[in-house]
Amino acid sequence: MRENENDLSKLPINVTPRFYCNSEHSYIIVGSLGGLGLEFSQWLIGRKCHKLILSSSRGIKNQYQAFKIKYFKSFGVEVVVSTSNILIEAGCEQLIKTAITLGPVGEIFNFAAVIRDAEFENHTIEDFNKSLAPKALATKFLHRLSLKYCPKLKYFVGYSSVMYGRGYSGLPAKVIQWGPFGDVGLLADVELNQRKKLNFESPMQSLRSFLEQHDILLRHPEPIVACTVAVKKHTKSDTKKSFIDMLMEILNIEDRNSISMSSTFSQLGIDSLAGIEMQQMIEKEYNTNFGPNELRSLTIAELEAKINANINQQNRFFQTIEENISKN
Ligand SMILES: NC(=O)c1ccc[n+]([C@@H]2O[C@H](COP(=O)([O-])OP(=O)(O)OC[C@H]3O[C@@H](n4cnc5c(N)ncnc54)[C@H](OP(=O)(O)O)[C@@H]3O)[C@@H](O)[C@H]2O)c1
């Protein structure tokens with residue numbers, strides 16, 4: 001509060017924008033009975049949401065979900081659990097029409113996720129589609145139908161991962177890319193080793209932070225936003241060993257000039273076993289993946305260029321995150 005409201009010298013006042021619901025509108029939460037969806041629904045109620053449509057493929061399956069819904073209703077909130085099949089357009093239409101019976105749809109949040117991770121070679125089209133459908137297909141249908149049925153739509157939010165994406169501006173759409181969460185959800189019970197395999201080894205974000213950050217993320221003008229616990233700042237002493245230095249060390253070569261940059265691994269006498277070792281080393285040191293064929297066919301100069309490009313991209317990514325964090 002300012003002593004004198006006309007005192008311009010005290011302007012601008014720093015504020016954190018807060019997100020609020022319109023209590024007349026209905027809020028569709030897809031994948032709502034999972035770890036984050038359920039807690040987020042409660043957060044929405046704290047932000048004046050009075051009409052919740054909780055979409056789930058299986059409906060209420062455990063005591064905790066039943067307890068939470070009872071708890072939501074104790075605040076006088078209208079809660080409908082919908083098991084309409086969001087993987088088909090007719091199911092999405094049914095979901096939206098159910099929401100409209102409570103009030104015009106204010107927002108749609110898609111938390112749905114099905115994990116079917118596998119090495120690329122072992123992946124099947126069926127499993128890939130099982131993962132893709134509740135995110136991509138359901139989002140496509142809901143988007144299309146929202147244009148027809150939801151004139152009051154303010155936000156259409158997709159929950160994503162820091163691993164993915166770019167998007168479009170100009171639509172009431174937002175994608176939030178998250179790092180891993182430790183308290184609830186699909187990674188809470190996963191061991192560190194397993195998380196490393198999934199490339200989710202960054203520090204775990206707390207549930208409290210997940211909820212609190214929505215004020216900033218939902219009110220942010222960018223359509224794609226990311227939120228994850230900041231990794232340690234890179235310092236000069238963290239600078240990675242260059243690829244060529246690593247190669248010289250592995251091949252026990254002292255004179256840099258004796259490595260021909262236009263040679264491939266096989267021309268340098270690296271057999272397939274040593275090639276696999278090299279592949280793992282590159283992945284570990286530079287977070288860059290090359291398939292065995294690519295590794296065999298690229299010259300040392302081409303490999304170095306690709307690794308450097310990837311390091312630069314990663315550094316830019318972390319720099320952007322750090323800049324955004326310090327801005328906010
Ligand atoms: N947890 C993390 O660390 C983390 C990190 C990055 C991003 N995220 C993203 O955050 C979102 C929520 O994650 P979470 O950890 O809460 O996952 P979760 O606990 O596994 O919840 C996901 C929910 O999606 C629902 N679902 C799957 N298919 C559906 C369908 N066809 N129709 C309706 N609901 C469906 C499932 O409920 P039913 O079985 O009842 O259908 C499940 O409870 C996901 O989009 C995930 O990619 C999470």
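Counting convention: from 1, in listed order, for ligands and their atoms alike. From a predicted model like this one, the values you see are computed outputs, not experimental measurements. Count residues from 1 along the sequence.
Distances from atom 22 (C) of ligand 1 to the heavy atoms of Phe111, Phe40, Phe109, Tyr159 put Phe111 nearest. When the heavy atoms of Gly59, Ser160, Cys227 are ranked by distance to atom 8 (N) of ligand 1, first place goes to Ser160. The nearest non-hydrogen atom to atom 16 (O) of ligand 1, considering only Val184, Leu36, Val30, Leu207, comes from Leu36. Here the shortest heavy-atom distance to atom 31 (N) of ligand 1, taken over Leu137, Ile86, Ile115, belongs to Ile86. Around atom 42 (C) of ligand 1, the closest heavy atom drawn from Ser57, Gly37, Gly34 belongs to Gly34.
Close N/O approach between Arg58 and ligand 1 is found [any backbone or side-chain N/O within under 3.5 Å]. Residue Pro134 has no N or O atom closer than 3.5 Å to an N or O atom of ligand 1.
Residue-ligand proximity, Gly185 to ligand 1, at heavy-atom distances under 4.0 Å covers atoms 15 (O), 19 (O). In summary, the atoms of ligand 1 found under 4.0 Å from a heavy atom of Ser55, numbered by their order in the structure, are 33 (C). Contact atoms of ligand 1 toward Pro180: 3 (O) (distance under 4.0 Å to a heavy atom of the residue). Close contacts of ligand 1 with Gly179, meaning ligand atoms under 4.0 Å from a residue heavy atom, involve 5 (C), 6 (C). Every atom of ligand 1 is numbered from 1 in the order shown, and the set under 4.0 Å from a heavy atom of Val114 is 27 (C), 28 (N).
Ligand 1 does not have Gly158 within reach: every non-hydrogen atom of the residue lies 4.0 Å or more from it. Heavy atoms of Lys135 approach ligand 1 to within less than 4.0 angstrom.
Salt bridge annotation for Glu107-Lys154: absent, with no cationic side-chain nitrogen under 4.0 angstrom from a carboxylate oxygen. With respect to the salt-bridge test (charged N to carboxylate O, under 4.0 angstrom), the residues Lys130 and Glu126 do not qualify. Contact check on Lys97 versus Glu93 returns a salt bridge, with a Lys/Arg side-chain nitrogen under 4.0 Å from an Asp/Glu carboxylate oxygen. Note on Glu222 versus Lys174: no salt bridge recorded, every NZ/NE/NH1/NH2 to OD/OE distance being 4.0 Å or above. Ion pairing between a basic and an acidic side chain is recognised when a charged N comes within 4.0 Å of a carboxylate O; Glu89 and Lys140 show no such pairing.
The list of ring pair (Phe, Tyr, Trp, His ring centres under 6.0 Å) pairs with a residue in residues 74-100, not counting sequence neighbours, reads Tyr71-Phe75.
With hydrogens and angles disregarded, a donor-acceptor distance shorter than 3.5 Å links the side chain of Ser26 to the backbone of Gly103.
For Phe19, the ring-ring contact (aromatic ring centres under 6.0 Å, His included) partners two or more places apart in sequence, or in a different chain, are Trp43, Tyr155.
Other residues, nucleotides and ligands contribute only 12 or fewer heavy atoms inside 6.0 Å of the CD1 atom of Ile125.
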